[in-house]
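So the structure is just underneath, and the comments pick up after that.
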2 protein chains.
Amino acid sequence: MWSHERQAKILGLLTARQKVSTSQLALEFDVSRETIRRDLLEMEERALLTRVHGGAMLSDHVIEPEPAFEKRRGHNAEQKSAIGRMALTLIPEGSTCFIDTGTTTIAFARELMARGNIRVITNSLEIARIMAGGKDCDVLLLGGRPHRDVPATYGEMTLSQIDRFLADFAVISPVGLHVDRGVTDYELHEAEVARAMMRRAQSCVVLCHSDKIGVESRVSICRLDEVDHLVTDQNPKSAGLSLSRGAVHFAGVE
Amino acid sequence: MWSHERQAKILGLLTARQKVSTSQLALEFDVSRETIRRDLLEMEERALLTRVHGGAMLSDHVIEPEPAFEKRRGHNAEQKSAIGRMALTLIPEGSTCFIDTGTTTIAFARELMARGNIRVITNSLEIARIMAGGKDCDVLLLGGRPHRDVPATYGEMTLSQIDRFLADFAVISPVGLHVDRGVTDYELHEAEVARAMMRRAQSCVVLCHSDKIGVESRVSICRLDEVDHLVTDQNPKSAGLSLSRGAVHFAGVE
DNA sequence: AGATTTCAGGCATAATCGGGCGAAAACCGC
DNA sequence: GCGGTTTTCGCCCGATTATGCCTGAAATCT
């Protein structure tokens, strides 16, 4: 791995994650922190990023906080990124994914975009927007009724379009995950999209922050044993959770 | 093995692997590193690759994506709003509109949303997002491939979905409007969506800032006489423009 | 304020580069 | 063929680069 190559990847990760930390990058690339700092220094000189204490951020990033959805986005951002990174190892390059709407799946999409070479079918406007620029990313945004609060499409048009595709994975991030109640969402529309994606995919990957484990929401998506992979951050509460059929992956977060 | 031959093979390996290392190549071709370096030097002079410490990589196009869309948005915001308000008078409440992508149509969508009671079918993520919250607004976002720079969907999926609907109006905002060359857009994808919308609508409304009058762009959408209503801001240049079949409306701007 | 993390610069090390030199091969005119 | 010239290539060695480690200074956290 050469410095130019590393710098290009750092740039990719930066656009994906908005910010990068020196020590995190040092771990990921298996080089010393000094090397990373030197890279960041060079890239700052080329005005590609802005160095800050502890790492770097996009130079021209304007943050305009918006309603509920935007608020949730910043919440547990670190863990969500870690979950996204962990999920990345489950999805081989070149495969086809349905991706559901959600702040966790957005973090996942950012990682996916940074890696490139993937086919994505999603109902999330945000994911479509993010991944549109990705290298070798074939993105399809599903049509339908845009939701009032969440940037995503729902409704029968969305569902019927999902049925026109087949994918390797359905990546969904529900509101709740409960041993008895299974996987749940807050709204019928959301749950229906998630269910349709699962139906048309070989394998079901659930991304889920540990907050949501043990939570039951209003509308059922599926039973727990219909989930093939669960990716979450380490959490004591989750110890009691197990999938009869699938595997649980923990994304360790400091 | 001659140097040309070797260089050709190096080029092949480079496109295959993205990067090549001096020592690796020296091993593969069973020559010294110096020889390889001389080859790489030559090839760099011919701009076939970029040498880096340890080897070479594909010529790097580190490009800074220009914020074209965001920049355009703020441009002539006042006039665009006025055009949007003017257009509002043409569209009765309760009617169904196709709305094309563009900064001018976004301004129009804002007005439409404020009034409410409208059915909208659009390929613009931005318009879908804006109008989703509107009172009595039935919005449908068309699926398809998200564009790299512009928040909108294009492609055959978008086109085939347009054909599933019929509307009263197609509201489009082209890049250029020229007496002889007619209505033009910059990209084929954009033009095709606009054309499809026109085909499935009773009436065609063109929103167009006076800047664009007299401009011809690359891809033709339609002839001028296929336009039913043109809404623009008052401008001396536009005096010469007339529609054989439709009406021209001026949105006076202070 | 004290503890911890991060930064910046100096130094060490290993890999790589660049240029000079000479040998071998290829080329060329006769 | 043959001698001279040109090209190609390998080896050597000082210079450069990339990276890691260390230490005191600065910033951040608690």
Side-chain angles (χ1 to χ4, degrees), chain A residues 1-59 61 63 65 74-82 85 114 233-234 251-254, chain B residues 1-60 62:
Chain A
M1 168 94 53
W2 301 313
S3 60
H4 289 78
E5 199 182 348
R6 199 174 42 240
Q7 290 182 22
K9 292 195 177 177
I10 289 175
L11 204 58
L13 288 174
L14 188 61
T15 51
R17 299 184 193 157
Q18 322 283 74
K19 61 177 185 180
V20 288
S21 95
T22 313
S23 21
Q24 178 71 33
L25 289 174
L27 276 174
E28 282 189 53
F29 291 115
D30 197 32
V31 294
S32 74
R33 298 182 178 92
E34 284 84 348
T35 304
I36 295 295
R37 269 194 299 107
R38 276 188 270 249
D39 284 337
L40 296 181
L41 200 62
E42 264 185 60
M43 294 166 80
E44 187 179 41
E45 276 166 14
R46 284 193 283 154
L48 296 174
L49 48 80
T50 304
R51 271 180 338 129
V52 292
H53 207 88
M57 53 188 284
L58 290 171
S59 45
H61 195 229
I63 308 142
H75 199 235
N76 294 127
E78 283 306 317
Q79 281 104 321
K80 283 170 184 169
S81 277
R85 240 168 291 141
D233 49 318
Q234 181 68 276
V253 180
E254 58 289 315
Chain B
M1 168 94 53
W2 288 289
S3 60
H4 318 67
E5 197 180 344
R6 201 174 42 238
Q7 290 183 20
K9 291 194 179 180
I10 289 175
L11 205 57
L13 288 174
L14 187 60
T15 50
R17 302 186 194 155
Q18 315 285 83
K19 60 174 187 181
V20 287
S21 95
T22 314
S23 19
Q24 180 68 31
L25 288 174
L27 277 174
E28 283 187 53
F29 291 112
D30 196 33
V31 293
S32 75
R33 289 163 193 174
E34 285 80 353
T35 306
I36 295 295
R37 269 194 297 109
R38 275 187 274 250
D39 286 337
L40 296 182
L41 200 62
E42 265 185 58
M43 294 166 80
E44 187 180 41
E45 276 166 12
R46 284 191 281 153
L48 296 173
L49 47 78
T50 305
R51 274 184 330 136
V52 295
H53 205 89
M57 50 195 291
L58 289 170
S59 289
D60 204 4
V62 182

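Per chain, numbering begins at 1; letters A, B, ... match sequence-line order.
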### Query
Is any side-chain nitrogen or oxygen of S32(B) closer than 4.0 Å to OP1 or OP2 of dC11(D)?
no

### Separation of atom CZ in R33(B) from atom P in dG10(D), rounded to whole Å
12 Å

### Task
Confirm from the modelled atom types if R37(B) and dG18(C) form a donor-acceptor pair under 3.5 Å, side chain to base only.
yes

### Task
With D39(B) as reference, evaluate K9(B), R6(B), H4(B) under the side-chain hydrogen bond (donor to acceptor under 3.5 Å, both in side chains) test and give the passing residue.
R6(B)

## Note on the structure
In terms of heavy-atom contacts, E28(A) and L13(A) come closest through OE1-CD1, 3.9 Å

### Query
Could you give the CZ-to-P distance, from R38(A) to dT17(D), as a whole number of Å?
13 Å

### Query
When you check the phosphate oxygens OP1 and OP2 of dT19(D), does a side-chain N or O of R6(A) lie under 4.0 Å from one of them?
yes

### Query
Can R17(A) and R85(A) be said to form a side-chain contact (heavy atoms from CB on, under 4.5 Å), step by step?
CA-CA 11 Å; R17(A) 299 184 193 157; R85(A) 240 168 291 141; 3.1 Å; yes

### Query
What nucleotide, of dG9(C), dC7(C), dC17(C), holds the atom closest to the side chain of T22(B)?
dC17(C)

### Query
Once you round it to whole Å, what is the distance between C1' of dA25(D) and CD of E34(A)?
15 Å

### Query
Out of dA27(D), dG20(D), dG10(D), which nucleotide sits closest to the side chain of T35(B)?
dG10(D)

### Message
Can you identify which nucleotide, out of dT6(C), dT16(C), dC11(D), has its nearest atom closest to the S23(A) side chain?
### Response
dT6(C)

### Query
Is the phosphate of dT17(D), meaning OP1 or OP2, less than 4.0 Å from a side-chain N or O of S3(A)?
no

### Query
Atom CG of L41(B) to atom C1' of dG20(C): distance rounded to whole Å?
15 Å

### Message
Could you check whether any side-chain heavy atom of I36(A) comes within less than 4.5 Å of a side-chain heavy atom of V20(A), counting everything from C-beta outward?
### Response
no

### Nucleotide nearest H53(A) when distance is taken to its side chain, options dT16(C), dT6(C), dG18(C)
dT6(C)

### Query
Which whole-number value in Å describes the distance from E42(A) CD to dA8(C) C1'?
16 Å

### Summary
Of Q7(A), K19(A), M43(A), M57(A), the one forming a side chain to side chain contact (heavy atoms under 4.5 Å, CB included) with L49(A) is M43(A)

### Query
Does OP1 or OP2 of dA27(D) have a side-chain N or O of R51(A) closer than 4.0 Å?
no

### Task
Provide, to the nearest angstrom, the distance between the CZ atom belonging to F29(B) and the P atom belonging to dC9(D).
12 Å

### Task
Please state how far atom CD in E44(B) lies from atom C1' in dC17(C), giving the value in whole angstrom units.
13 Å

### Message
Rounding to an integer number of Å, can you tell me how far I36(B) CD1 sits from dT16(C) C1'?
### Response
14 Å

